[in-house]
**Student:** 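What follows is a single structure, and I will ask about it in a moment.
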There are 2 protein chains.
Amino acid sequence: MKKTRISTTALDFDRPLVTVDVVIFSVLDDTLKVLMSRRPARVDERAEPFPGRWALPGGFVDVAQDCTLLDCAMRKLQAKTGVTAPYLEQLGSWGSADRDPRGWSTTHVYFALVHLPPAAWASDTTGLNESRWTAVDEALREPLAFDHNGLLAAAIARLRNKVEYTSLPAFFLPEPFTLPQLQYTYEVVLGRPVDKSAFRKRMLDAGFLEEAGMQGGATGRSAVAYRVKDRAQAVAFPRTFKVSE
Amino acid sequence: MKKTRISTTALDFDRPLVTVDVVIFSVLDDTLKVLMSRRPARVDERAEPFPGRWALPGGFVDVAQDCTLLDCAMRKLQAKTGVTAPYLEQLGSWGSADRDPRGWSTTHVYFALVHLPPAAWASDTTGLNESRWTAVDEALREPLAFDHNGLLAAAIARLRNKVEYTSLPAFFLPEPFTLPQLQYTYEVVLGRPVDKSAFRKRMLDAGFLEEAGMQGGATGRSAVAYRVKDRAQAVAFPRTFKVSE
DNA sequence: ATAATAGTGTCTCTCAGACACTATTAA
DNA sequence: TTAATAGTGTCTGAGAGACACTATTAT
C-alpha cells in the first residue's frame, strides 16, 4: 500500500545517522593531551555500541537544539570542558555504511585547542560520563570505539602539520603569555627543540601579537607578556620550521 | 501512545538530510572553470527547492548504493563528467537548520580537479540535467541555489591557496605534459605570471615528476614531457610562491 | 657575585626571484 | 637566418638556523 503524497518532495528514503565528534587538545605535563570519553557500559538490554571503550566526545546532532554543525560542536565542547571560546576548527567528515553498527552514519569532526585551569584537569572517573585526559600517543595505542583511531590520528596529523607553519600553539596558553612560554608550547607539540632567536624573530615578524605588560617568573629576568591580536584565527607563516635536511 | 522497544537503542529521533556536493574544476580558454548544474524547473506540484537556479552538482547520499561518502562523491563526479580517477579531496561539511527549505540538512563538499577531452566540454543545455562550465568569478556573481555561493567561494579560496605551495595544477593536465604547459596552468589559476627559472627549479627539485619522452609544439623547440610519479596525491613545497613584497 | 632566565647580534647558508643568456626546432 | 619556444647560468637579497653575546631579576 502506497502513501499518497501531495505538494511535497520524495524525502521518505533512509537517512544516515548524523553525529559530531570533537577532538579536544591541551598541553599539560610536557605532553600533548586529548580528552577521551568512555562509552557507557551495557546497562540493560539496549545495544549501546562499544560499551566501556574509550571514544572521542561526541554524539548525535539534535535538530531541535543545534542550529548549525558548529553550534553542535561548541555545545559538546562546552558540556565536556566548560570552555566557551576556544580555537575550534573543522577537521573533516567521515561517513560509511559500516562505521557504526546501528547503521549508515556520518560524523563531522572538529578539533579544539583549549587551556584549562588546573582544577579542571581532574579526571572524572565516576558515573556515566567518565572522561580522561590522555597523552595522544597513548590514546592511539588502544582500540577506540567506532573508527575513532582513524579520526584521532587524522586530527593529530593535522595539528602537528599546522604547528609547523602557524600560530596555533598560542591557543594552548592563557593570556597574557610570554615568548619563552610560547616557545615551550611549540616544543612540546613538535616534539623537538626550537632555536630561540629564530623563533622570536618569526613570532614577532608575523605580527599577530601585541604587548601586554611584563610577567615575572619565580626566578630570573622578567619577560614581556603578549596577547594575540585576533583570537578568532591562527596566522600562517610563509615558511615551515626547519625547511632544510 | 508509546511504542514499546526492546533490544534497540533510541534512534527514532529526527535525522537531518545528508547530501554530497562536488565542486569540479578544470582549466580551459585561459580560465579556471567550474561545472555548474541547473536545478530542475518546477514540473508539477512537488516543491523542488530553487527551481531553475544554478547549483553545484550533488545530491542525497544513497545508503543502498554508496558505501562511503567518498564513493558517493565519485559516483556524482562520474555521472557528470565520465571522469573516473581525478584528484578528489574533501573540502569540508556544512549543516544547519535553514540551508535547505526541506529541513535540517548537511552537505559534504568535495572538490575535484579534472582534465577533459575537448569533446566533453560541450555544454549540455537540454533536458532535465542541464549543466555548464562557467568561469569561477562569473559563477559566483549570480545567486546560486542553497548556500552554494558560500561553498563555491570556500572551494575557490582553498584551491587558490593550495596552488601557492602544492603541485595541484598538475591534475588539470593530461599526461604527459611539459613544464611550459604546467607553468601556464599555474599562471591561469594564480592569475599572475610566474618566473620561468624559479618555477622550473621548484618543480624539478620537488621530485614528483618523472620524464616521459619529448613533446613538440607547432613551432619552436620541443620540450621534455613529464608524468607525475604518484597520481594519488599532491606534493607540498616548503615555501609559498612569492613570499616577499 | 652568581645563578637563572630573557633577549639580541652576527655570521653563514640556502633558496627564490630577476633576468640575461644559450639551445633547439620549423619555416 | 629568423622567429618562436625551451631551457640554463648568474647575481642578489631575504630570511632561517646556529650560537655566542648582553640584559635583567632574585638570592
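What you are looking at is a predicted structure, and each value in this text was computed from that prediction instead of being measured. We name chains A, B, ... by the order of the sequence lines, and we start the count at 1 in each one.
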**Student:** Suppose we screen for side-chain hydrogen bond (donor to acceptor under 3.5 Å, both in side chains). Which residues come up paired with Thr166(A), at least two apart in sequence or across chains?
**Tutor:**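 With sequence neighbours excluded, Thr166(A) shows a side-chain hydrogen bond (donor to acceptor under 3.5 Å, both in side chains) to no residue whatsoever.
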**Student:** Would you kindly give the CZ-to-C1' distance between Arg202(A) and dA18(D), to the nearest whole Å?
**Tutor:**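 About 15 Å, once rounded to whole Å.
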**Student:** Using whole Å, report how far CE of Met203(B) lies from C1' of dA16(C).
**Tutor:**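 These atoms are roughly 12 Å apart.
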**Student:** Between C1' on dG17(C) and CD on Glu164(B), what's the gap in Å once rounded to a whole number?
**Tutor:**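 Atom CD in Glu164(B) sits about 14 Å away from atom C1' in dG17(C).
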**Student:** Apply ring pair (Phe, Tyr, Trp, His ring centres under 6.0 Å) to Phe146(B) and list each qualifying residue two or more places apart in sequence or on a separate chain.
**Tutor:**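 Only Phe50(B), His148(B) meet the ring pair (Phe, Tyr, Trp, His ring centres under 6.0 Å) criterion with Phe146(B).
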**Student:** Answer yes or no: is there an ion pair linking Glu142(A) with Arg38(A), defined by an N-O contact shorter than 4.0 Å?
**Tutor:**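 Salt bridge flag = no for Arg38(A) with Glu142(A).
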**Student:** Can you name the side-chain hydrogen bond (donor to acceptor under 3.5 Å, both in side chains) partners of Arg99(B), sequence neighbours left out?
**Tutor:**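 Partners of Arg99(B) by the side-chain hydrogen bond (donor to acceptor under 3.5 Å, both in side chains) criterion, ordered by chain and then number, come out as Ser105(B), Asp147(B).
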**Student:** Round to the nearest Å and state the distance from Met214(A) atom CE to dT5(C) atom C1'.
**Tutor:**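 Rounding to the nearest Å, CE of Met214(A) and C1' of dT5(C) are 12 Å apart.
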**Student:** Can you list, by residue number, the residues of residues 219-226 of chain A that have a non-hydrogen atom closer than 4.0 angstrom to DNA chain D?
**Tutor:**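 Under 4.0 Å from DNA chain D: Gly220(A), Arg221(A), Ser222(A).
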**Student:** Got a sec, which pairs hit side-chain hydrogen bond (donor to acceptor under 3.5 Å, both in side chains) with one end in residues 169-181 of chain A, sequence neighbours left out?
**Tutor:**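 Non-adjacent pairs meeting side-chain hydrogen bond (donor to acceptor under 3.5 Å, both in side chains): Glu175(A)-Arg231(A).
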**Student:** Scan residues 204-211 of chain A against DNA chain C and write down, sorted by residue number, each residue with any heavy atom closer than 4.0 Å; if none is found, say none.
**Tutor:**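 Within residues 204-211 of chain A, no residue comes under 4.0 Å of DNA chain C.
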**Student:** Donor-acceptor check, side chain of Asn149(B) to backbone of Leu144(B), threshold 3.5 angstrom: yes or no?
**Tutor:**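 Yes; judged by distance alone, with no hydrogens or angles, the pair exists.
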**Student:** Just distance, no hydrogens or angles: give the donor-acceptor pairs under 3.5 Å from side chains in residues 152-159 of chain A, sequence neighbours left out.
**Tutor:**
unit_1	atom_1	unit_2	atom_2	d
Arg158(A)	NE	Glu89(A)	OE2	3.0
Arg158(A)	NH1	Leu91(A)	O	3.3
Arg158(A)	NH2	Glu89(A)	OE2	3.0
Arg158(A)	NH2	Gln90(A)	O	2.8

**Student:** Without decimals, in angstroms, what is the distance between Arg200(B) CZ and dA23(C) P?
**Tutor:**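 After rounding, the gap between these two atoms is 15 Å.
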**Student:** Below 3.5 Å, can you tabulate the donor-acceptor pairs from side chains in residues 213-221 of chain A to any protein atom, sequence neighbours excluded?
**Tutor:**
none

**Student:** Between the protein and nucleotides 9-11 of chain C, which nitrogen or oxygen pairs come in under 3.5 angstrom?
**Tutor:**
unit_1	atom_1	unit_2	atom_2	d
dG9(C)	O6	Ser197(A)	OG	2.6

**Student:** Measure from CZ on Phe177(A) to C1' on dA6(C) and round the result to the nearest Å.
**Tutor:**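 After rounding, the gap between these two atoms is 16 Å.
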**Student:** Could you list the residues that satisfy side chain to side chain contact (heavy atoms under 4.5 Å, CB included) with Asn161(B), not counting sequence neighbours?
**Tutor:**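 Partners of Asn161(B) by the side chain to side chain contact (heavy atoms under 4.5 Å, CB included) criterion, ordered by chain and then number, come out as Tyr165(B).
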**Student:** Excluding sequence neighbours, so at least two apart, what forms side-chain hydrogen bond (donor to acceptor under 3.5 Å, both in side chains) with Tyr184(A)?
**Tutor:**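 Once residues adjacent in sequence are excluded, the partners of Tyr184(A) under the side-chain hydrogen bond (donor to acceptor under 3.5 Å, both in side chains) criterion are Asp30(A).
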**Student:** Taking only residues two or more places apart in sequence or in another chain, which ones pass ring pair (Phe, Tyr, Trp, His ring centres under 6.0 Å) with Phe177(B)?
**Tutor:**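 Partners of Phe177(B) by the ring pair (Phe, Tyr, Trp, His ring centres under 6.0 Å) criterion come out as none, since no residue qualifies.
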**Student:** Rounded to whole angstroms, how far apart are CG on Leu190(A) and P on dA16(D)?
**Tutor:**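 It is 15 Å, rounded to the nearest whole Å.
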**Student:** What's the CD-P distance between Gln215(B) and dT25(C), to the nearest Å?
**Tutor:**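 One finds 14 Å between P of dT25(C) and CD of Gln215(B), rounded.
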